[in-house]
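One structure is given below, encoded as structure tokens.
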Amino acid sequence: MYYGFPLIQPDEFSSVAQSFVSKDGVESHRGRVLGGSSAINGGFYSRASDDFVKTVGWDEELVKEAYEWVESNIVFKPELTIWQSVVELGLLEAGILPYNGFSMEHIEGTKIGGTLFDEYGIRHTSADLLETGNPENIIVLLNATVKNIIFHVNGKGNESMVRGVRFIKSDGSTSQTYEAYLNQPENSSSWGDVILSAGALGSPQILLLSGIGPEKHLRNFGIPLVLDLKGVGKEMKDNPGIALLADTKPTHRFPDAPQVAGITKDMKFIVEGGIVPISFNATRMPIAIKLAFPESKGTLELNSTDPRQNPAVEFHYLEKEKDLEECTKMVQLLNKIAGSRSVVLFLGKERQNNLMSSQDELRNFCKKNVRTYYHYHGGSTVGSVVDDDYKVHGIKGLRVIDGSTFLESPGTNPMATVLMLGRYQGIKIVRERQNTSVKS
């Protein structure tokens, strides 16, 4: 298991993890590899809550079927490591109850979740799901970065039609481009779809580079306008996180991905612990907590017309007073967990549990130490950018199916729901095409 190592050796274009700093000054990473962030994250798998599914309006039976399909292919029940067992006890001692044991569901209390790491510590990513498809129908291009979408203009009507994508070599020149076009299947009136699944940063970025987004912003970069769609890059959210180090100094331990989560009342706070490398021979032991439903939100804009350059994103962490208030409660809960008898005994130390006492100290700590939980979402949200079938408004043959469509983070970790959504929408698209063929 090489959990965490890609994050300490990022390269601008060629590494699996690409680092960036938000305009808020918070350092983060994104997965730029086949499998996306499922290739670099903690591998923790947990479904969305039932309330989330109802709010979004998805077909509950199809959601369940899609989750189960993902789980049957790449999700495993973990055997708890020693540190994860200690974290589990610490969560319970801090009052995060009831104890739910192993569960894929997003439920209040302390639970063991699914994992992408198998019994041998080998990570299974979303790329593994390609193996379930028909290889004759799948072509995967590696070392390729999408530059923009190709449109067909026939002068009739006001809806642009997608015909394909233009891309570059990821380690090549932006002036040397290649093109891939949609084919019209036999016995079909449909040309199919281009589906963007580049994540909360990548998908809105591709839309903007293709001329879909706020007209004024596109004009600043000399990008010809295809559609003035003001919602692109808006409603960006990240779940603000706070982490306390349970250990007192770096040591050399085996990296340990989260297997246990504490989910507090109303599912507002979510806590996980791990062991992360800070170099090739040293680790730290953070216990981290996130605010699941922040009110603060931001924007994403282009930095460059080079698709390999990260867009400029600002999340406005803790800008809303309510988020800051909730953060102070998160710090107090973290102190309880890190100072629990189980954690202190395991680490063989006396923990100083007097980190902060006043509200002002807590608020200042939050402002100074807020970090990402790597669960950012938005930028191509349902309603403002895509419809309920994830089709981009005003563009024929273009869909976005990933976390950029979410208005809220769906649960403990959004990965499970992003993977489910791909299967869910895939089934819906197949059914839609079958109905179209029958009618024609």
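In what follows, every heavy atom counts, from backbone to side chain, and hydrogens, waters and symmetry copies are set aside.
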I'd like to know if the side chain of Thr125 reaches the main chain of Ser38, judged simply by a donor and an acceptor atom lying under 3.5 Å from each other, with no hydrogens or angles considered. no

Asp171 and Asn143 side chains, donor-acceptor separation under 3.5 Å: yes

Could you walk me through whether Tyr67 and Tyr424 pass the ring-ring contact (aromatic ring centres under 6.0 Å, His included) test, one step at a time? CA-CA 8 Å; Tyr67 272 128; Tyr424 178 95; 9.5 Å; no

To the closest 0.5 Å, what do you measure between CZ (Phe406) and NZ (Lys237)? 13.5 Å

From Leu318 atom CG to Glu326 atom CD, the distance as rounded to the nearest 0.5 Å: 10.5 Å

Considering all heavy atoms of both residues, which atom of His217 and which atom of Leu302 are nearest to each other, and what is their separation? NE2-N, 2.9 Å

I'd like to know if the side chain of Thr283 and the backbone of Pro277 have a donor-acceptor N/O pair within less than 3.5 Å. no

I'd like to know if the side chain of His316 pairs up with that of Lys297 as donor and acceptor (distance under 3.5 Å, no hydrogens or angles considered). no

Do Met104 and Tyr45 come within less than 4.5 Å of each other through their side chains, counting heavy atoms only? yes

Compute whether any side-chain donor of one residue and acceptor of the other, for Ser404 and Asp402, lie under 3.5 angstrom apart. yes

Closest heavy-atom contact between Val33 and Val16? CG2-CG1, 3.7 Å

Tyr374 and Asn41: side chain donor to acceptor below 3.5 Å: no

Whether Asp247 side chain and Met285 backbone form a donor-acceptor pair below 3.5 Å: yes

Would you kindly say whether Thr412 and Lys111 are connected by a side-chain donor-acceptor distance under 3.5 Å? no

Nearest atoms (heavy-atom pairs only) where Ala200 meets Tyr376: CB-O, 3.6 Å

Tell me, do Leu196 and Val194 make a side-chain contact under 4.5 Å, heavy atoms counted? yes

Phe167 versus Val146, closest heavy-atom pair with distance: CB-CA, 3.9 Å

Under 3.5 Å side-chain donor-acceptor pair for Thr381 and Thr405: no

Heavy-atom closest contact (Gly42 atom, Ala257 atom, distance): O-CB, 3.3 Å

Could you check Arg399 against Asp389 for salt bridge (Lys or Arg N to Asp or Glu O under 4.0 Å), going step by step and ending with a plain yes or no? CA-CA 8 Å; Arg399 301 181 197 239; Asp389 292 317; 5.6 Å; no

Check: Asp306/Thr174 side-chain N/O donor and acceptor closer than 3.5 Å: no

At what distance, to the nearest 0.5 angstrom, does CG of Asn239 lie from OG1 of Thr372? 8.0 Å

With salt bridge (charged side-chain N to carboxylate O under 4.0 Å, His left out) as the test, pick out the partner of Asp193 among Lys391, Arg433, Lys396. Arg433

Side-chain donor/acceptor of Arg123 to backbone N/O of Leu116, under 3.5 Å: no

Contact between Val271 and Val260 at the side-chain level, heavy atoms closer than 4.5 Å - yes or no? no

Using only heavy-atom distances, determine whether the side chains of Asp118 and His124 contain a donor-acceptor pair under 3.5 Å. yes

To the nearest 0.5 Å, atom CG of Leu245 lies from atom CG of Leu334 at 10.5 Å

So do the side chains of Glu272 and Val87 get within less than 4.5 Å of each other, counting heavy atoms only? no

Is there a donor-acceptor pair under 3.5 Å between the side chain of Asn100 and the backbone N or O of Glu108? yes

Between Arg219 and Glu215, does any NZ, NE, NH1 or NH2 come within less than 4.0 Å of an OD or OE carboxylate oxygen? yes

So how far is it from Asn310 CG to Ser22 OG, rounded to the nearest 0.5 Å? 11.0 Å

Between Thr110 and Ile96, is there a donor-acceptor pair closer than 3.5 Å when you use the side chain of the first and the backbone of the second? yes

Under 3.5 Å, is there a donor-acceptor pair between the side chain of Asp256 and the main chain of Gly274? no

Does the side chain to side chain contact (heavy atoms under 4.5 Å, CB included) test come out yes or no for Ile112 and Phe44, once each step is laid out? CA-CA 9 Å; Ile112 302 165; Phe44 190 90; over 6 Å; no

Exercise: identify the closest heavy-atom pair between Ala198 and Ile206: CB-CD1, 4.0 Å

Which value, rounded to the nearest 0.5 Å, describes the distance between Leu229 atom CG and His393 atom NE2? 7.0 Å

Side-chain (His377) to main-chain (His375) donor-acceptor, under 3.5 angstrom: yes

Within the structure provided, determine whether Ile242 and Cys327 are in side-chain contact (heavy-atom separation under 4.5 Å). yes

Under 4.5 Å between any side-chain heavy atoms of Val226 and Leu218, yes or no? no

Between Phe315 and Pro294, is there a side-chain heavy-atom distance shorter than 4.5 Å? no

If only atom types and distance count, is the side chain of Asp238 paired as donor or acceptor with the main-chain N or O of Pro240 below 3.5 Å? no

Salt bridge (Lys or Arg N to Asp or Glu O under 4.0 Å) assessment of Glu325 paired with Lys329: CA-CA 7 Å; Glu325 286 178 11; Lys329 297 173 188 172; 5.7 Å; no

Taking atom CD of Glu79 as the centre, report whether more than 12 heavy atoms of other residues, nucleotides or ligands fall under 6.0 Å from it. no

Take atom CD1 of Ile139 as the centre, draw a 6.0 Å sphere, and report whether it contains more than 12 heavy atoms from other residues, nucleotides or ligands. no

Treating Ser126 as the side-chain partner and Gly35 as the backbone partner, does any N or O pair qualify as donor plus acceptor under 3.5 Å? yes

